[in-house]
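A short worksheet on the structure shown next.
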Amino acid sequence: MPHRLLSTYDPLPISFSHGEGAWIWDKEGNRYLDSISGFGVNILGYGNTEWINFVQQQSSRLIHVSNMYLIPERDELAERVCAKTGMDKVFFTNSGSEANECAIKLARLYGHQKGINEPTIVVFDGAFHGRTIATLTASGLRHMQAGFEPLASGFLRAPFDDINALKHIADNRSDVVAVMFEPIQGAGGINLASPAFLKEIRALCDKHQWLMISDEVQTGVERTGEFLTLHHYQIEADIVTLAKALGNGIPIGACLTKGVANDLFTPEKHGSTQGGNPFVCAVANKTLEIVEGLNLVANARQQGQNLLAALTEQFAHHKAVKSVRGQGLMLGIEMHKPCKAIAKIALEKGLLVNIANQNVIRLLPPLVIQSHEVAMISEKLGHVVDAFAEL
Ligand SMILES: Cc1ncc(COP(=O)(O)O)c(C=O)c1O
């Protein structure tokens, strides 16, 4: 661990120099198949020349001006993300945590507008919404929260994918103003919300005038085979948050609103010095343009299906594997026991993966991944899991 860095991560002993498509090379010249794409950020993979040329060009034109002025690149991006998501309005941030903070602030304003002085947001076990105090409170991974008390008030935790628990809250609480969730929990271990659960959230939000807040920071931007994961079920949220893949590595987040959530902010209520600057907005526009031009949504669907089928078959009777699950190019292999060692074993076999929630191998390959590479991920993982089972 570099001794000048605060100890927030425990990195593997490797650093990278460059990449091409779904492949990345370390400083010694060894290549690795990237199945995590920087936690779902690098959707275009590496070395896309159209994107790189654009970034170079744009960076020499204009990087930043303050929000005191109009920013046409931001207007264009706002139009584009609203068209893609079906939402009405947007606020741009620098990260997913900030996008979720924005959503939480909107929900609280909404509550106060309704005369609820202590508005409560329902959140779920296993959720991950970020590292700021409010988003950490909203998260349901206790080991990340421990030591940061006092956490924020105004959150009520419920079991994930449990319709009855949600109905019980609806019957017993008058201070709820919103339900915040990930349609597929990422850091929680690739836990898919059932369509029935998502529909019930929408129904309860309609019935009780709660805001439905879908955190699509990890699941959004075509990752699961639709621009938003909620689009698989034709469900519209009142607030949607995005980040990660939106800038393909140039940091950006977005909090999108619809209907009653559109007009809650007034000037001075919220802001960000660098959020939505001309450079990052132009890059995000270009990213989305390339994603569309390459029809990466179709690739995410197809390769996701291929990978899920290959892994399901391969691990169906493996003694170390509990289950395989996922949607599009967001997949998890749940092991019977904690498996942190797998990230290192995979690295030694030329594969980048991540372990989520102690015992789930998380796969978020770049959306440009090809069929033969999907087959390689599956084959390499077979060796990795076998080696782990022998430990
Ligand atoms: C679903 C979800 N929400 C929020 C965040 C926080 O995003 P950021 O790290 O950009 O603040 C993450 C990050 O992993 C995430 O997966």
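A donor-acceptor contact closer than 3.5 angstrom links the side chains of N306 and Q302. A donor-acceptor contact closer than 3.5 angstrom is absent between the side chains of W25 and E20. Under 3.5 Å, the side chains of T224 and T219 contain no donor-acceptor pair of N or O atoms. A donor-acceptor pair shorter than 3.5 Å can be found between the side chains of N94 and S272. For the 3.5 Å distance criterion, the side chains of E98 and T132 fail to qualify, holding no donor opposite an acceptor. Looking only at atom types and distance, the side chain of N277 has no donor-acceptor partner in the side chain of R74 under 3.5 Å away.
The structure places CG of L351 at 5.5 Å from CG of L33, a figure rounded to the nearest 0.5 Å. In this structure, E292 CD and T287 OG1 are separated by 12.5 Å, a value rounded to the nearest 0.5 Å. With rounding to the nearest 0.5 Å, the separation of NZ in K84 from CG in L77 is 12.0 Å. Rounding to the nearest 0.5 Å gives a distance of 11.0 Å between NE2 of H232 and CG of L198. The OG atom of S15 sits 4.5 Å away from the NZ atom of K27 when rounded to the nearest 0.5 Å. Residue S371 holds its OG atom at 4.0 Å from CD of Q303, rounded to the nearest 0.5 Å.
For D26 and R31, the salt-bridge test fails: no basic side-chain N is under 4.0 Å from an acidic carboxylate O. Using a cut-off of 4.0 Å between Lys/Arg side-chain N and Asp/Glu carboxylate O, D162 and K167 are scored as not salt-bridged. A salt bridge between E101 and K105 is absent, with no side-chain N of the basic residue lying under 4.0 Å from a carboxylate O of the acidic one. Classification of K258 and D238 as a salt-bridged pair fails, no side-chain N sitting under 4.0 Å from a carboxylate O.
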- Verdict with reasoning, L311 to L363, per side chain to side chain contact (heavy atoms under 4.5 Å, CB included): CA-CA 11 Å; L311 295 173; L363 305 175; 3.6 Å; yes

- Message: I'd like to know whether N100 forms a side chain to side chain donor-acceptor pair (under 3.5 Å) with T135, so could you lay out the CA-CA distance, the side-chain angles of the two residues, the decisive distance to 0.1 Å, and finally the verdict.
- Response: CA-CA 7 Å; N100 286 332; T135 58; over 6 Å; no

- Task: Decide yes or no on side chain to side chain contact (heavy atoms under 4.5 Å, CB included) for L230 and E236, but give the supporting numbers first.
- Result: CA-CA 7 Å; L230 284 190; E236 285 183 343; over 6 Å; no

- Tell me, with the steps shown, if I24 and H18 meet side chain to side chain contact (heavy atoms under 4.5 Å, CB included). CA-CA 6 Å; I24 187 164; H18 67 284; over 6 Å; no

- Message: Please evaluate residues K340 and D10 with respect to the criterion salt bridge (charged side-chain N to carboxylate O under 4.0 Å, His left out), reporting the C-alpha separation (whole Å), side-chain torsions for both, the decisive distance (0.1 Å), and the verdict.
- Response: CA-CA 11 Å; K340 196 176 162 203; D10 183 16; 3.2 Å; yes

- Evaluation steps, side chain to side chain contact (heavy atoms under 4.5 Å, CB included), between L136 and F148: CA-CA 9 Å; L136 190 64; F148 295 110; 3.8 Å; yes

- Message: Could you walk me through whether R80 and E73 satisfy the salt bridge (charged side-chain N to carboxylate O under 4.0 Å, His left out) test, starting with their C-alpha distance in whole Å, then the side-chain angles of each, then the deciding distance to 0.1 Å, before giving a yes or no?
- Response: CA-CA 11 Å; R80 199 183 287 266; E73 294 85 350; over 6 Å; no

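Residue K380 qualifies as enclosed at atom NZ: its count of foreign heavy atoms under 6.0 Å is above 12. Under a cut-off of 6.0 angstrom, the local environment of NE2 in H317 is sparse, with at most 12 non-hydrogen atoms contributed by other residues, nucleotides or ligands.
Residue I355 is grouped with residue V324 when hydrophobic side chains (ILVMFWY) are merged at heavy-atom distances under 4.5 angstrom, including chains of intermediate members. Both L288 and L367 sit in one connected hydrophobic cluster of ILVMFWY residues. Membership requires side-chain heavy atoms under 4.5 Å apart, directly or through other members. One hydrophobic cluster, built from ILVMFWY side chains closer than 4.5 Å, cannot hold both L296 and V41; they sit in different ones.
Considering only heavy atoms from C-beta on, L228 comes within 4.5 Å of L242 through its side chain. Using a 4.5 Å heavy-atom cutoff, the side chains of V297 and N295 are in contact. Side-chain atoms of T93 and F91, non-hydrogen and from C-beta on, do get closer than 4.5 Å to each other. Annotation: side chain of V353 is not in contact with side chain of V384 (no heavy-atom distance under 4.5 Å). Proximity of S59 to F279: side-chain heavy atoms (C-beta onward) are separated by under 4.5 Å at one or more points. Side-chain contact between Q327 and R223 is absent, with no heavy atoms from C-beta onward closer than 4.5 Å. Put simply, the side chain of Q218 reaches to within 4.5 Å of the side chain of R362, judged on heavy atoms. Looking at Q145 and L141, their side chains never come closer than 4.5 Å, going by heavy atoms from C-beta outward.
By the 30° and 60° cut-offs, the orientation of the rings of F265 relative to H270 is parallel.
Within the structure, side chain to side chain donor-acceptor pair (under 3.5 Å) pairs that include any residue of residues 204-214 comprise R202-D206, S214-E216 (at least two apart or interchain). Note on residues 39-50: pairs passing side chain to side chain donor-acceptor pair (under 3.5 Å), not counting sequence neighbours, are D34-Y46, N42-Y46, E50-K286.
Centroid-to-centroid, the aromatic rings of F197 and F124 come within less than 6.0 Å.
Both the sub-6.0 Å distance and the 45° axial angle are not jointly satisfied by K322 relative to the ring of F315.
The shortest non-hydrogen separation linking Y110 to V260 is CE1-CG2, 4.0 Å.
Considering only residues two or more places apart in sequence or on other chains, F227 meets the ring-ring contact (aromatic ring centres under 6.0 Å, His included) condition with none of them. Annotation: ring-ring contact (aromatic ring centres under 6.0 Å, His included) contacts of H383 (sequence neighbours excluded): none.
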Show me, pair by pair, the donor-acceptor contacts under 3.5 angstrom made by side chains of residues 328-336, not counting sequence neighbours?
unit_1: E334; atom_1: OE1; unit_2: R325; atom_2: NH1; d: 2.7
unit_1: E334; atom_1: OE1; unit_2: R325; atom_2: NH2; d: 3.0
unit_1: H336; atom_1: NE2; unit_2: V321; atom_2: O; d: 3.4

Show every donor-acceptor pair shorter than 3.5 Å between a side-chain atom in residues 175-185 and any protein atom, with sequence neighbours excluded, or say none if there are none.
unit_1: D175; atom_1: OD1; unit_2: R173; atom_2: NE; d: 2.9
unit_1: D175; atom_1: OD2; unit_2: T120; atom_2: OG1; d: 3.0
unit_1: D175; atom_1: OD2; unit_2: R173; atom_2: NH2; d: 2.8
unit_1: E182; atom_1: OE1; unit_2: G186; atom_2: N; d: 3.1
unit_1: E182; atom_1: OE2; unit_2: F128; atom_2: N; d: 2.8
unit_1: Q185; atom_1: OE1; unit_2: N191; atom_2: ND2; d: 3.0
unit_1: Q185; atom_1: NE2; unit_2: D125; atom_2: O; d: 2.9

